[in-house]
Q: 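Got a structure for you, written out below as structure tokens; questions coming shortly.
Labels below follow one simple rule: chain letters A, B, ... track the order of the sequence lines, proteins then strands, and each chain is numbered from 1.
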Amino acid sequence: MSRKLHPFNGGVHPDGHKEPSNATPIRAMPLLPRYVVPLRQHIGAPARPLVRAGERVARGQMIGAAEGYVSTAAHAPTSGSVLAVEPRAVPHPSGLFDLCVVIEADGEDRAVELQPLDWRNLDASALRNRIRDLGLAGLGGAVFPSYIKLNPGAQAIHTLILNGAECEPWITCDDRLMRERAAEIVLGAEIMRHALGCASVLFGVEDNKPEALAALRAAAPTDMEVVSVPTLYPSGGGKQLTYLLTGVETPTGGRSTDVGIQVFNVGTAYSLYRAVCLGEPLLSRVVTVTGHVAEPGNFETRIGTPLADLLAAAGGALPGAVGEIIGGPMMGFDLLDRVAPVTKSVNCLLVKDPRLFPARPAALPCIRCGACARACPADLQPFEMYWFSRAKDFGKAQSYDLFDCIECGCCAYVCPSHIPLVDYFRYAKSEIWERERDKREADQARRRHEFKEFRLEREKQEKAEKFAKAAEKQKAAAGTETANPEEARKKAILQAALERARLAKEGVTPKNTDNLPAAVEKEIAEIDARRERMGAKQQGGEE
Amino acid sequence: MNGSPFALLGHNSVTAVMAKVMAALIPGIIAHAWFFGPGIWVSLLLCMLFAVGLECLLLLLRGLPLKPFLSDGSALVTAALLALALPTLAPWWLYLMATLFAVGVAKHLYGGLGQNLFNPAMVGYAAMIIGFPVYMTQWAAPIGVAHFTPSLAEAFDLVFAGSGAISVDAYTSATPLDAWKTQARQGMAEADILAQPIFGWAGARGQEMVALMYLLGGLLLLANRVITWHIPVTFLAAMALTAGLLHLANPAQHAPPLFHLLSGGAMLCAFFIATDPVTAASTPLGKLIYAALAGFLLMIIRAFGAYPDGVAFAILLANICVPFIDAYTQPRVFGHKRGGKRGQA
Amino acid sequence: MENYLLILIGTVFVNNIVMSKMLGLCPFMGVSKKLETAIGMGAATTFVLTLASGLSHLIDTYLLGQELAYLRTLSFIVVIAGIVGFTEMFIKKTSPVLFRVLGIYLPLITTNCAVLGIPLLNVQEQHGFVESLVFGLGGALGFTLVLVLFAAMRERLEAADVPAPFRGTSIAMISAGLMSLAFMGFAGLIK
Amino acid sequence: MISAILVMAGIGLVLGGVLGWASIRYRVEDDPLVEKIDAILPQTQCGQCGFPGCKPYAEAISKGEADINLCPPGGNDGVKRLAELLGVEPKPLGAGMEPKPKAVAVIDENTCIGCTLCIQACPVDAIVGAAKQMHSIIAEQCTGCELCLPPCPVDCISMQVIREDVATWKWRYPVHMMKRAA
């Protein structure tokens with residue numbers, strides 16, 4: 001049990017505040033009258049809606065299918081009817097709406113038939129496809145589709161790390177899950193080990209969770225190692241935990257799989273167990289409700305549960321609350337609209353009170369004291385990145401390895417000038433991303449423009465050739481009427497010009513309707529049909 | 001829009017940092033008053049008044065709010081360092097000019113706190129030593145050496161009305177560093193030089209105790225984690241090493257290392273001036289290079305240069321190198337290849 | 001040997017061509033916006049200056065002598081222009097990027113008063129051939145040193161909250177002045 | 001006198017020889033500046049600069065015939081990058097050339113008469129449809145150049161500003177810093 005740990009640099013010790021929510025067992029939420037299931041809950045392309053308003057659905061029925069490679073499915077949390085498929089408030093820092101399926105519960109909670117999988121004998125790719133269709137995504141926060149992570153790919157995976165560090169203050173959902181459902185988590189880890197074909201399995205749990213550690217140790221077989229790691233934020237960061245446990249650094253811009261290590265959250269392992277052994281899609285997750293609430297605790301919450309209802313289940317916010325955070329205080333974001341639902345990424349609803357969460361003092365200039373650099377777990381120089389992000393010199397900011405920043409918030413936590421450093425980094429990153437997007441679009445436009453010019457040139461040439469040939473024929477027919485080739489050429493040109501004018505009068509037929517993608521053709525057909533309908537209606541109205 | 005983190009480390013602010021620096025200066029100031037008379041209070045008061053006044057004026061001119069920028073306390077720290085570096089009992093306008101260069105030119109022209117490239121106090125000092133060398137060599141003599149040590153009221157009088165009937169030589173003397181240099185060049189023996197009343201048990205009389213008090217204050221800052229060990233230790237080590245080598249090579253010309261460490265502004269510089277985070281190098285390796293460079297240059301200027309104490313020039317020269325040092329000593333980022341070029345993913 | 005060392009230290013630090021003689025300010029202000037450009041410019045100037053010092057010494061001693069002394073400036077300029085032309089072609093071939101960023105300042109090395117100043121000072125100080133070379137190298141190294149340090153400073157300054165009237169060249173000139181102030185600390189080090 | 005002429009001629013000859021050799025030894029083709037300028041331009045092909053497309057504008061800039069501040073879609077940022085590339089001082093966009101928010105053209109399905117004039121005007125072939133058939137615009141390929149607006153005989157094309165969604169949303173510049181009057 002004495003594995004050699006490799007402490008990473010930096011990190012901070014914020015107050016844990018785990019006690020309010022980790023004392024009571026996970027509670028189940030009652031069935032609610034309405035659920036809102038966003039189709040974009042994971043990293044990658046949003047799921048494609050499979051249902052329409054008015055359709056009846058059963059619990060566990062797929063309502064959104066994975067679209068493209070990096071994507072996963074979404075499912076109905078209960079039985080009922082689809083009220084609408086439309087943009088609704090979602091838990092996102094922007095407060096923007098996103099496409100959701102709104103389900104009116106019928107109270108029966110009727111389920112589709114669940115099919116447990118014989119995972120030990122199932123073909124690996126079939127297993128992964130099933131996992132994609134069951135909607136599994138990482139529950140630690142990044143919500144990367146799990147089926148992709150279970151594909152070892154070209155690089156053999158030798159170590160599987162189960163992340164139960166839960167280093168964010170206040171959050172205890174993984175803690176309670178490990179205490180109460182350790183056996184299921186271990187089974188999930190067993191399935192992962194099978195899919196990845198790796199030998200070594202490590203659980204990393206911070207030492208402020210002795211009960212969880214004990215439960216896991218009791219449940220884990222001898223060939224899985226449960227490691228207690230010192231409490232230090234952000235030891236639950238994927239790269240940090242990997243280094244802590246193995247001493248291997250995840251290469252910049254890459255994933256831990258590049259060095260043969262795969263990391264999953266313990267909550268994902270639990271959901272994987274349910275998906276594979278019970279055949280149940282990812283319908284619910286454990287969410288911590290804590291902070292300035294009447295009865296803080298953890299709730300088994302169906303995906304799509306409006307956060308207001310979740311808050312009510314925890315007895316509601318106490319008087320004097322000043323808003324809620326989705327996630328923890330270090331990496332979470334302000335909830336702008338309480339009707340937004342719980343998604344696969346929501347692990348905590350933290351109600352702020354003015355005493356523990358006072359407004360951030362006004363920022364003073366950076367004095368380059370270097371406290372941020374000492375706290376940075378990625379060994380960055382945040383004050384340099386800030387210096388250039390603030391001046392909107394993104395190239396320079398990037399040269400200080402802005403994209404190695406994991407946005408853990410350690411730098412802003414220790415800053416004596418109270419500078420919202422991470423806000424500046426997020427700003428700079430999204431600006432750089434936009435520029436890259438613009439660049440791609442410009443490149444595409446350039447290619448299309450050049451092609452158009454090429455096409456016009458080609459068409460002109462083709463036409464000229466055609467007329468030249470026609471003229472030649474005429475000339476041949478007329479015999480050696482004009483022996484002068486110069487005159488003939490002039491005549492051909494004249495004829496060509498006349499022909500062009502005639503064509504122009506008739507209206508040129510552009511040739512860019514060829515080779516259209518099927519989708520666009522379909523769209524045109526639809527629009528035409530719609531236009532006809534509308535036109536008919538309009539005419540009818542006039543008459 | 002306010003993003004994460006929502007938690008903040010408590011009792012942590014620029015004001016608190018500056019207050020700790022001021023507090024750590026107090027033992028040194030008291031020792032100064034004890035050994036050189038109450039004149040230091042006058043220059044301290046004047047510098048602080050001028051600094052705060054100028055800071056207000058410049059903030060108003062730049063259209064910035066007064067309260068947050070005044071309460072950060074950086075102007076007071078600059079003023080205190082300036083007052084401790086400048087000779088006491090100089091005319092009042094010298095303090096005004098020095099503060100103008102420090103707060104006006106070196107700080108606000110660059111955009112205020114955190115933006116300056118040069119240490120403000122040292123710019124003020126260097127500008128004065130170039131502009132008014134006469135006043136900058138009249139140092140208050142320690143009590144017991146001076147014929148006359150002005151009281152607080154007399155000190156005010158001297159600063160504002162000039163020396164008048166009293167001869168300047170009555171209360172000032174050459175600095176021991178200066179005395180050593182000129183007398184050693186004239187061929188006086190080490191023992192004879194040290195026997196003079198302005199020299200103490202290891203360095204300059206009075207100054208050695210003040211330096212030890214600065215050392216004490218610096219250790220307090222270290223204990224409070226306001227500064228890290230890198231700069232002071234390297235700076236003093238580089239100084240001692242250079243001084244030691246010079247002393248070994250030519251004991252008749254060059255004073256022993258301890259004398260250099262405890263004379264002039266060396267200790268103040270090591271813990272309070274070189275450690276100014278804004279103008280010092282910021283990477284771990286860069287800090288070592290920066291401090292070693294400053295210590296080395298200080299000793300070179302002291303040993304061979306035209307100025308008796310080179311603290312200001314050594315720091316300014318090191319300041320010039322800081323952006324370059326920082327650019328080439330960036331630490332390896334987590335997940336990057338060892339020895340890989342910065343900025344390449 | 002000690003003599004050469006003294007010349008070198010003297011020209012690099014004490015009598016720095018930019019900081020104390022105030023020569024070569026045009027490229028000092030013009031090519032110090034980016035660190036990498038400054039390094040390239042420093043290298044090019046070092047090459048030109050060292051070569052020009054040696055060549056002009058030879059020309060002055062063996063071709064011109066006393067009776068043709070009035071041709072000194074003229075012939076020095078021709079030599080410098082030739083070397084600059086060569087350097088320009090060389091850089092264009094080996095580093096097109098550097099060629100582009102140096103832009104007009106590369107041919108302008110010809111009219112860099114530091115480059116003409118040093119050969120003329122060599123004559124004035126009656127330096128021998130090796131002394132001239134060392135003097136040229138030292139002057140060029142001093143130029144490169146302050147140029148590179150200044151460029152690193154300006155990269156940081158670029159993002160500072162400098163009040164609007166002082167932004168750009170203005171604050172750069174002030175910084176150069178303060179640098180010069182700091183270099184005064186070297187006074188008295190040699191001679 | 002003669003010696004002076006000889007000396008100068010000698011120096012000139014030697015240097016001329018060296019330079020001549022160097023120009024052969026270190027010959028290079030001119031760097032493709034036009035391509036680099038073109039890479040910075042936003043490729044909307046809108047012609048607001050007065051040139052028929054981005055490439056011609058890039059050529060004009062490289063020849064020094066056009067100023068760098070004539071491209072509104074590139075914005076002040078684009079001007080800055082051009083200035084950096086060319087080593088000149090950046091300047092604000094020309095008068096009446098304020099950048100507009102990004103938009104795409106949308107054809108009113110009911111008014112379009114299928115005349116194909118917009119199709120011919122579109123520089124990037126982002127409009128599809130055939131004669132006497134309803135046309136539609138492929139939004140992802142539309143650069144928002146507005147060149148299709150004037151030819152339309154029935155004014156059925158309008159510009160629609162692109163709204164940001166969850167995927168394209170950007171973090172704003174933090175405003176915690178104290179407000180500055182200056």
Q: Above 12 or not: heavy atoms from other molecules or residues under 6.0 Å from CZ of A:Arg374?
A: yes
Q: A side-chain contact here means heavy atoms from C-beta on lying under 4.5 Å apart; do B:Ser74 and A:Ile367 qualify?
A: no
Q: For B:Gly3 and A:Asp423, work out which heavy atoms get closest and say how close.
A: N-OD2, 3.1 Å
Q: Mind checking whether B:Met18 and A:Pro416 have side chains closer than 4.5 Å, heavy atoms only?
A: no
Q: Just verifying a value: how many Å separate A:Glu249 CD and B:Arg332 CZ, rounded to the nearest 0.5 Å?
A: 4.0 Å
Q: Just wondering, do A:Arg360 and B:Pro5 contact through their side chains at under 4.5 Å, heavy atoms?
A: yes
Q: Between A:Leu350, A:Val414, A:Leu421, A:Leu402, which has the largest tally of heavy atom pairs under 4.5 Å with chain B?
A: A:Val414
Q: Below 3.5 Å, can you tabulate the donor-acceptor pairs from side chains in residues 236-246 of chain A to any protein atom, sequence neighbours excluded?
A:
from	atom 1	to	atom 2	distance (Å)
A:Thr242	OG1	A:Gly238	O	2.6
A:Thr246	OG1	A:Thr242	O	2.6
A:Thr246	OG1	A:Val248	N	3.2

Q: Can you name the closest pair of heavy atoms from B:Leu8 and A:Ala412 and give their distance?
A: CD2-O, 3.5 Å
Q: With rounding to the nearest 0.5 angstrom, report the CG to CG distance, A:Asp15 to B:Leu9.
A: 9.5 Å
Q: Can you confirm whether A:Phe383 is buried at CZ, in the sense that more than 12 heavy atoms of other residues, nucleotides or ligands lie under 6.0 Å from that atom?
A: yes
Q: Check whether A:Pro377 gets within reach of chain B through its side chain, its backbone, both or neither, counting any heavy atom under 4.5 Å.
A: backbone
Q: So B:Phe334 and A:Asn9, side chain to side chain contact (heavy atoms under 4.5 Å, CB included) or not? Walk me through it.
A: CA-CA 9 Å; B:Phe334 186 90; A:Asn9 297 332; over 6 Å; no
Q: Please classify the contact of A:Pro14 with chain B as side chain, backbone, both or neither, using a heavy-atom distance under 4.5 Å.
A: neither
Q: Can you say whether A:Phe403 sits under 4.5 Å from chain B via the side chain, the backbone, both, or neither, judging by heavy atoms?
A: neither
Q: At a 4.5 Å cut-off on heavy atoms, which part of B:Thr228 comes close to chain A: side chain, backbone, both, or neither?
A: side chain
Q: Any idea which of B:Gly114, B:Ala280, B:Gly10 has the most non-hydrogen atom pairs under 4.5 angstrom with chain A?
A: B:Gly114
Q: Counting only non-hydrogen atoms closer than 4.5 Å, does A:Cys415 touch chain B with its backbone (N, CA, C, O), its side chain (CB onward), both, or neither?
A: backbone
Q: Just wondering, do A:Asp401 and B:Gln330 contact through their side chains at under 4.5 Å, heavy atoms?
A: no
Q: Rounded at 0.5 Å granularity, tell me how far CZ in A:Arg368 sits from CG in B:Asp276.
A: 10.5 Å
Q: Show the numbers, then the answer: is there a side chain to side chain contact (heavy atoms under 4.5 Å, CB included) between A:Arg426 and B:Ser4?
A: CA-CA 10 Å; A:Arg426 282 188 281 241; B:Ser4 61; 3.2 Å; yes
Q: Measure the spacing between CG of B:Asn12 and NE2 of A:His418 and express it to the nearest 0.5 Å.
A: 6.0 Å
Q: Give, as side chain, backbone, both or neither, the part of A:Phe333 having an atom under 4.5 angstrom from any heavy atom of chain B.
A: backbone
Q: Out of curiosity, B:Thr329 OG1 to A:Gln381 CD, how far, rounded to the nearest 0.5 Å?
A: 8.0 Å
Q: Check whether A:Ile325 gets within reach of chain B through its side chain, its backbone, both or neither, counting any heavy atom under 4.5 Å.
A: side chain
Q: Is A:Ala373 close to chain B through its backbone or its side chain, or both, or neither, when contacts mean heavy atoms under 4.5 Å?
A: neither
